[in-house]
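Heads up: the structure comes next, in structure tokens.
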Amino acid sequence: MGSGPLAMASNDSDAVNINSEPYTQPLARPRMPIIAYLEPLPRPTKSPKCDQTFVSRIGGPQNGTFSAPLLHNHKNHSRQCLYTFLAGPGQRVEVVFKTFNLRGNPPDGSAVGELPSCVHEYMDIYSEVQSSEPAELINSPFGGRYCGTIPPRRRISMYRAIAISFFTNKNVTTPDLFEGTYRFINASEYEIGIPIAGSPCSYTITPSLSINKTGVLISPTYPGAYPKDMSCTYQFLGESNQRVRLEFRDFDLFFGGPHCPFDYVKVYDGPDNSSALIGTYCGQQRNLVLYSSESSLFVHFYTLPRTANTQNRGFKGIYEFSESFVKLDFIRENDGIHIRGSECDQKILSKKESTGYVLSPNYPYPYIPKTVCRYFIYGMQDAQHLERVRLEFTAFNIPKVEHKDRSESNCTDGYLKIYLKGQETADAYDKFDYELCGNETQRVVSDGPRLAMVFSSGELQGRGFKGKYTFETEYKIPGTAAPDGSCSFTYVSASKKRGELNSPRYPSNYPSDTNCSYLFLAETNEQVTIVFDHFKIKADGNPNVTAGAYGSINCFEDWLEMYVVYRDNNDRFLGRYCGMTAPGPVESPRGAVGLRITLHTDQENVASGFKARYFFETAKSEIGDCGGNFSNEDSGIITSPNYPAGYKAPGRGMASMACNWIMTARPGYKLSIHFEHFSLEGDPANRGCSAAVLRLWVNVDSDQPPLELCGEKPLVEQWHYISTGQTARISFTTSDKTVGAQGFRIIWTEIQDSGPGPPSIGLLCESTYHFQCEVGYCISDKLRCDGVKNCGPGDDSDELHCESYHKSTSGGSRRSHYNNTSRRLVPNLSPMHTLSLQKKTHQLRQLGLHRNPHYDSQTSATGLSSSRRHLQSGGASIAGSLHGINSGNLIIPPAPLPPTSVPPQPPHICISGSSLDLTPGAGYPGIMINDGLDDLELDDDDDDDDIHPDIFINDVRFDEESLQHVQQLENV
């Protein structure tokens with residue numbers, strides 16, 4: 001067979017200028033890029049019998065084999081042999097290598113045609129030869145250089161000829177060095193339309209040129225490796241009522257990346273490359289089927305000008321012009337957007353909480369059989385918006401096939417599959433959420449911002465479907481959402497006993513300009529507990545946010561509020577929170593319906609929000625797990641469980657533990673509440689009181705929120721509060737995340753408030769059985785010298801002079817004790833005056849000579865520092881380790897100086913400017929009457945004293961009327 005083609009070539013009349021006699025001069029090098037000449041190549045010598053030519057002739061063989069030449073080169077001369085394959089008119093040449101074993105190591109990828117790697121033995125291929133003259137071979141595009149053991153891929157000539165140049169400098173070359181086959185094929189299958197002048201591979205295709213309006217589209221040298229530096233166009237022009245379908249059965253282009261920067265096929269939805277682009281394709285494509293939207297389609301095949309280092313096949317496909325493809329009116333008329341390149345796929349984009357309808361093709365008329373349409377419904381999704389899709393069918397008719405085997409789907413002919421997560425890749429279409437057929441309707445809500453559907457019509461026809469879609473804001477909040485799509489969620493005990501809640505989109509940032517509500521409804525014998533695990537609400541405008549953010553003063557941008565819900569719809573406000581200061585665990589009190597949380601965000605900036613847990617449990621008593629209810633008592637001490645050893649977390653299975661103390665004073669009285677020691681886990685600035693919290697209501701009958709306390713009270717600070725009503729309440733709550741701390745000790749005392757301002761005779765305690773503290777408050781006389789400082793911080797007056805007090809109370813009455821003291825201090829005064837002055841002195845001292853005249857008796861909070869938490873309203877600062885929450889009218893005045901800051905003065909009498917020292921042990925004082933007179937002893941003879949003296953006792957002026965009043969008091 002090898003000699004046949006040679007003999008044929010030498011006698012073939014068509015082989016003119018096809019190397020009919022041996023060459024005596026070396027063949028000129030083919031045209032190659034300059035990069036090919038990185039090292040000089042030796043000049044090859046010619047052998048008279050080395051070149052071979054294979055020509056197609058009428059009636060002659062149309063295929064054959066070829067192999068390497070048999071060469072003996074004892075002098076190691078370089079040899080070059082040229083193999084030429086020439087097809088007849090209307091033909092092309094196909095060359096396939098069967099074996100290949102040349103010396104050399106090609107780069108990775110094998111035989112990719114990079115010249116510097118093949119030096120001593122190689123093969124150059126030219127598949128775009130336009131002339132059979134060997135001298136013209138240098139003008140042909142270079143098709144690549146190959147060596148090694150991997151053969152070049154199949155080659156199809158671009159025109160009528162292929163040339164192969166074999167180079168070697170080995171001593172001996174045998175035919176098995178390479179072997180291959182060739183054949184001459186019909187070129188008409190590459191002529192797929194009307195040729196466009198100026199291009200060897202561009203055509204215009206119309207229905208009139210096709211059989212049954214269909215045809216084959218192939219790349220210029222398919223299935224051989226396509227040439228480099230090539231640009232081919234294919235223009236499909238159908239009739240006005242037609243659409244064009246193009247299906248690629250094989251697609252293999254060099255893949256240079258996802259954007260196809262090197263070789264590519266671009267498909268345009270129109271008559272030329274100015275039309276809308278359907279897509280750019282490269283690499284290997286499977287099931288690539290494209291449709292025109294109207295009657296024309298334009299395809300552009302481009303390969304990069306470069307050294308031939310690829311051997312990809314190109315592409316082969318079929319095209320079709322048809323009037324039976326789906327009409328797109330059902331998409332355009334319903335605000336849908338046709339997805340270019342598809343037959344009837346569409347996408348629907350939200351216009352912010354918009355609504356519309358989605359239809360099957362040709363609805364309300366029967367749909368076209370054997371059609372597949374996909375629907376992609378996209379809600380908004382960006383930094384500010386997140387939506388979901390609600391879909392409800394108003395009409396549905398897809399015939400179903402009944403099967404005896406109930407495990408088999410009835411939707412085997414036609415179906416509508418729904419994907420709640422919006423699958424968009426073909427490999428995810430088997431994981432559908434609903435498969436609908438027959439006459440059933442369904443209401444569905446997407447799981448995220450996207451919803452996808454696939455409609456496939458079988459052989460049976462039906463009317464199809466009509467569905468209404470609605471875009472709703474997606475909050476990603478567990479719970480029962482409001483029917484109107486607002487950010488309102490309800491948690492009912494009958495549905496779920498425990499669960500989670502969070503801010504919108506948590507853990508992503510919540511949206512701005514949003515208001516959300518969370519309502520927790522317990523059964524009659526239940527209560528609800530809420531524990532926060534994460535909390536970060538924007539508080540950019542609060543300069544004190546690092547010390548804890550509470551109340552309307554500190555939280556005025558974004559905030560979270562909590563309420564207790566009662567049956568009369570009279571919600572009780574618990575507090576407002578922002579920053580990173582999380583609310584403490586909270587239990588709904590007995591008698592309440594549940595709890596409500598609201599989240600407000602403004603139009604500026606956002607944060608990650610919050611995450612919390614809720615629990616519905618059997619209701620506890622009014623005092624909770626521990627605590628007490630006190631009334632008609634003078635005082636008491638409240639301590640945390642196990643104080644001072646430290647409180648612990650609730651028992652296993654309990655969400656929280658709560659201790660409630662309720663203290664009620666007599667009508668007209670108030671309560672003094674003094675924190676002697678306080679140490680709870682928590683950090684107001686960084687994490688709030690999420691594990692354990694103490695709440696203090698200074699008036700349970702008002703709408704004021706409680707103070708919320710955690711952290712540790714510094715020793716130098718004094719926490720002291722006065723109730724604004726008759727009843728106060730303290731609630732201590734721990735959660736299942738509690739670690740434990742030492743706890744607290746609180747002293748509460750029933751007091752009578754004598755009012756603000758300096759002491760006066762008219763401001764006396766209500767009964768002689770009350771003791772008046774130096775700060776001005778009246779407490780029960782029974783609390784004197786009981787070892788507890790009931791007067792509050794900085795005032796030890798109820799625990800002073802206890803030795804003399806116990807002696808007097810054991811030997812006589814309280815009155816006699818006061819009288820004995822008076823007579824000892826002023827023995828020279830008359831009995832009446834002595835007793836009256838002593839009585840007055842004692843009364844005035846009891847009124848508090850050293851009170852701060854600016855002190856407000858409504859509330860006391862001495863020694864407050866800037867590290868304690870802020871009160872919610874009043875503006876006073878109690879930050880740091882103290883949580884203060886109040887949005888009512890509780891007034892925290894400037895802290896008064898402690899009593900030790902003003903040295904106590906001894907009782908003294910001043911008559912007309914002269915001072916009588918009444919200090920014990922000072923002896924009998926002299927009395928000066930009218931400045932400049934000698935000291936006189938005061939006696940009972942008033943006749944010697946014709947002057948009316950001014951008498952001051954403890955800086956209080958006494959005139960004659962006042963002294964008579966004192967005498968009357970003494971008689972009483």
Side-chain angles (χ1 to χ4, degrees), residues 525 527 529 564 572 574 584-592 617-651 654-680 689 692-702 704-710 713 719-735 738 740-752 779-780 782-783 786-792 883:
N525 61 337
Q527 66 184 37
T529 301
V564 177
R572 186 65 61 88
L574 279 178
V586 59
E587 289 184 355
S588 60
R590 189 175 186 87
E617 298 177 321
T618 302
K620 303 173 184 177
S621 66
E622 184 181 23
I623 63 173
D625 299 291
C626 57
N629 195 331
F630 308 101
S631 61
N632 298 321
E633 296 188 21
D634 298 323
S635 179
I637 298 177
I638 295 174
T639 60
S640 56
N642 206 32
Y643 179 86
Y647 62 86
K648 299 179 181 179
M654 295 178 60
S656 63
M657 182 191 73
C659 301
N660 302 316
W661 294 272
I662 302 171
M663 300 147 288
T664 304
R666 290 177 296 171
Y669 284 71
K670 297 181 180 179
L671 296 169
S672 167
I673 301 170
H674 175 217
F675 287 76
E676 269 198 347
H677 178 81
F678 189 87
S679 178
L680 299 187
C689 304
V693 66
L694 184 144
R695 292 184 174 91
L696 169 62
W697 286 263
V698 294
N699 189 347
V700 297
D701 298 322
S702 72
Q704 297 177 358
L707 306 175
E708 190 157 323
L709 315 175
C710 72
K713 181 183 80 67
W719 297 359
H720 185 214
Y721 304 94
I722 303 298
S723 67
T724 59
Q726 185 180 350
T727 304
R729 180 186 176 192
I730 294 176
S731 177
F732 173 54
T733 309
T734 61
S735 68
T738 296
Q742 186 175 6
F744 53 84
R745 172 184 165 94
I746 302 172
I747 300 172
W748 66 270
T749 306
E750 183 184 78
I751 64 171
Q752 177 194 357
I779 64 175
S780 173
K782 293 183 292 183
L783 301 179
D786 62 351
V788 178
K789 299 177 182 179
N790 295 99
C791 285
H883 230 147

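Since we're looking at a predicted model, the values are computed, not measured.
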Least distance between heavy atoms, [X] atom then [Y] atom:
{"X": "Thr724", "Y": "Asn699", "value": "OG1-CB, 3.0 Å"}
{"X": "Gln742", "Y": "Pro644", "value": "CG-O, 3.2 Å"}
{"X": "Phe675", "Y": "Lys713", "value": "O-CE, 3.4 Å"}

| task | Could you tell me how the ring of Phe744 sits relative to the ring of Phe732: parallel (under 30°), tilted (30 to 60°) or perpendicular (over 60°)? | result |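 Perpendicular, since the angle between the ring planes exceeds 60°.
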So, taking the atom named [atom1] in [X] and the one named [atom2] in [Y], what distance separates them when rounded to the nearest 0.5 Å?
{"X": "Leu709", "Y": "Phe678", "atom1": "CG", "atom2": "CZ", "value": "5.0 Å"}
{"X": "Asp634", "Y": "Leu783", "atom1": "CG", "atom2": "CG", "value": "5.0 Å"}
{"X": "Asn642", "Y": "Cys626", "atom1": "CG", "atom2": "SG", "value": "11.0 Å"}
{"X": "Cys791", "Y": "Ile779", "atom1": "SG", "atom2": "CD1", "value": "4.0 Å"}
{"X": "Lys789", "Y": "Ser635", "atom1": "NZ", "atom2": "OG", "value": "14.0 Å"}
{"X": "Gln726", "Y": "Met663", "atom1": "CD", "atom2": "CE", "value": "13.0 Å"}

| task | Go through Ser672 and Asn790 one step at a time and tell me if the side-chain contact (heavy atoms from CB on, under 4.5 Å) criterion holds. | result | CA-CA 8 Å; Ser672 167; Asn790 295 99; over 6 Å; no
For the residue pair [X] and [Y], establish whether any side-chain heavy-atom pair is separated by less than 4.5 Å.
{"X": "Arg695", "Y": "Val693", "result": "yes"}
{"X": "Ile662", "Y": "Val700", "result": "no"}
{"X": "Leu707", "Y": "Trp719", "result": "no"}
{"X": "Glu750", "Y": "Phe630", "result": "no"}

| side chain to side chain contact (heavy atoms under 4.5 Å, CB included) involving Ala649 - partner list, sequence neighbours excluded |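 With sequence neighbours excluded, Ala649 shows a side chain to side chain contact (heavy atoms under 4.5 Å, CB included) to Thr738, given in chain and number order.
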| message | For the backbone of Lys620 and the side chain of Arg590, can you confirm whether one donor and one acceptor N or O come within less than 3.5 Å of each other? | response |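 Between the backbone of Lys620 and the side chain of Arg590 there is a qualifying donor-acceptor contact (under 3.5 Å).
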| Is the backbone N or O of Leu671 less than 3.5 Å from a side-chain atom of Ser723, with the two atoms forming a donor-acceptor pair by type? |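 At least one qualifying donor-acceptor pair exists.
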Which side-chain N or O atoms in residues 654-661 pair as donor and acceptor under 3.5 Å with protein atoms at least two apart or in another chain?
| unit_1 | atom_1 | unit_2 | atom_2 | d |
| --- | --- | --- | --- | --- |
| Ser656 | OG | Thr529 | OG1 | 3.4 |
| Ser656 | OG | Glu587 | OE2 | 2.4 |
| Asn660 | OD1 | Ser731 | OG | 2.8 |
| Asn660 | ND2 | Glu622 | O | 3.1 |

| request: Among Val698, Ile751, Ile673, find the one that has a side chain to side chain contact (heavy atoms under 4.5 Å, CB included) with Ile722. | output: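 Only one of Val698, Ile751, Ile673 forms a side chain to side chain contact (heavy atoms under 4.5 Å, CB included) with Ile722, namely Ile751.
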| request: Apply side-chain contact (heavy atoms from CB on, under 4.5 Å) to Ile746 and Leu696, showing your working. | output: CA-CA 11 Å; Ile746 302 172; Leu696 169 62; over 6 Å; no
| request: Take Trp748 and Ile730 through the side-chain contact (heavy atoms from CB on, under 4.5 Å) test and state the conclusion after the steps. | output: CA-CA 11 Å; Trp748 66 270; Ile730 294 176; over 6 Å; no
